[in-house]
There are 2 protein chains.
Amino acid sequence: MSSYHHGALAGALLDAAGELLAEKGLAGFSLRECARRAGVSHTAPAHHYGDVAGLLTAYAARAFAGLADALSAVPAGSDAAQVLQHQGVAYVRYALLLPARYQLMFSSGTLRRDDPALQREGLRAWACLADAVAAVTGRPAPLTAGDPDAALAWAAVHGIADLLINQQLQLPADTSWEAHTERMLAHLAGSWQRGAVLPEAGRDGVPSGHPAAREP
Amino acid sequence: MSSYHHGALAGALLDAAGELLAEKGLAGFSLRECARRAGVSHTAPAHHYGDVAGLLTAYAARAFAGLADALSAVPAGSDAAQVLQHQGVAYVRYALLLPARYQLMFSSGTLRRDDPALQREGLRAWACLADAVAAVTGRPAPLTAGDPDAALAWAAVHGIADLLINQQLQLPADTSWEAHTERMLAHLAGSWQRGAVLPEAGRDGVPSGHPAAREP
DNA sequence: AATTTGATCTTGACGGTGTCAAGTTTACGA
DNA sequence: TCGTAAACTTGACACCGTCAAGATCAAATT
């Protein structure tokens, strides 16, 4: 009959956690239900992850890695502002893809913020965004960890994602979250680019070309 | 002896909830502990609030009211950008005053977003911020619920507050969160005040009139 | 090849939680 | 005065996370 040992429990538990988060949300997550779905006893996860915080921390680290990948998958372009805008949209898209996962990533109460893997992947995601900010502001590439511009960019995309997830942002009529997000990020990105000008002024015939650089 | 009936349980439970949130955080909140602190049995809260979501929803509504008050307490000034900046700092200050309370306000999984009082007080807080945005952009005050500029402002302050609470924003050396927040918000507020919407809207003497037709 | 060893997983128990059902106390209006 | 409804309690149930102790199995050692 099947082996007493599972063989790949650690990974299976992470997968089960993902399903569970998608179905029941972060508040409905349960370690026992997680073990149940992986087909093991309710204390099996403890041996691999210690406790519930350990499992969720591991899952969050994997989630930050996915976010970093999603951000670095945005193609580089000639228009730095547009690249930042696209990265922002990619950020929000990743968050909305599995809202409970995104909420977990930022719920310090339920995971261990000092976990090495979590910090590493978190910094990786941050670096993607910070590089885009550096490009649009015309400053040399690795920005400092506390850079105000990069922090503002991160706060903006995080705020947009979190407010959308919690249904606190009312979308204008006939406007998708993507269009709405693009509009907000266009303003933000444009505010850094020299000659702060909003690209794409709407769909009413106004030519929405490259934002002209026009600051002395 | 003291009455069998508590008399003011509803309010006492909200106070106990506040203490509990301050001590144990949102994850450590417990309805039974809440009742214990109010000196009643563990099922007493149900009669007033139904279930745990009911109590937390009522507390969140009170919290949004406090936020709206904190925002409207910011003195109006001649410089619209500075007013918006100060409101943003007041917003973040309120969030940091009791982080668990702020996290609760935006944790849709644990409260009832369709609660009338919650929605009402939430809109009140939104209106304060939106009015400041209207002033700095020079548009007529009440902005529509889905206005992108107001939404960006809200997302920014929410993002700053949430990232600070979750210790995801590294502060530059010798810089308080207030100074850091002021710096980010100064850029954001300034990006509107400069009239960055229309290319032809130069900053030379234009009295900040109606910037542009965003919607026909 | 037999045995030890250690990682993996299970069974069982404990205290804690939210919520339902039923009973007790109290205030208040008919 | 009395009954009725609101306020609150007692008790139970299922579920949760975690600890302790035991069972199983692969693999290295002897």
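Lettering of chains follows the sequences in order, A, B, ..., and the numbering in each one begins at 1.
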Rounded to whole Å, the CD-P distance (B/E33 to C/dT17) equals 7 Å

Considering only heavy side-chain atoms of B/R36, the closest of D/dC16, C/dT17, C/dT10 is C/dT17

Testing D/dT10, C/dG18, C/dT10 for proximity to the side chain of B/S30, the answer is C/dG18

- Do A/T43 and C/dT11 have a side chain to base donor-acceptor pair shorter than 3.5 Å? yes

Worksheet item: Below 4.0 angstrom, N of the basic side chain to O of the carboxylate: do A/R37 and A/E23 qualify?
Response: yes

| query | Cation-pi between A/R101 and A/Y94: NZ/CZ under 6.0 Å from ring centre and within 45° of the ring axis? | reply | yes

Rounded to whole Å, the CG-C1' distance (B/L31 to C/dC20) equals 14 Å

For B/F64 and B/F106, I'd like to know if the aromatic rings sit close, meaning centre-to-centre distance below 6.0 Å. yes

**Q.** Contact under 4.0 Å: A/H47 side-chain N or O vs C/dC9 OP1/OP2
**A.** no

Using only heavy-atom distances, decide whether a donor-acceptor pair under 3.5 angstrom links the side-chain of B/R32 to the base of C/dG16. no

A/F29 CZ to C/dT17 P, in whole Å, measures 20 Å

Closest of C/dC9, D/dA7, D/dT18 to the A/A44 side chain is C/dC9

To the nearest angstrom, the CG-C1' distance between B/L9 and D/dA7 comes to 9 Å

Pair B/Y59-B/Y49, side-chain donor/acceptor within less than 3.5 Å | no

Comparing A/H42 with A/H48, nearest DNA chain C nucleotide closer to 5' gives the residue A/H48

Rounded to whole Å, the OH-P distance (B/Y49 to D/dC8) equals 11 Å

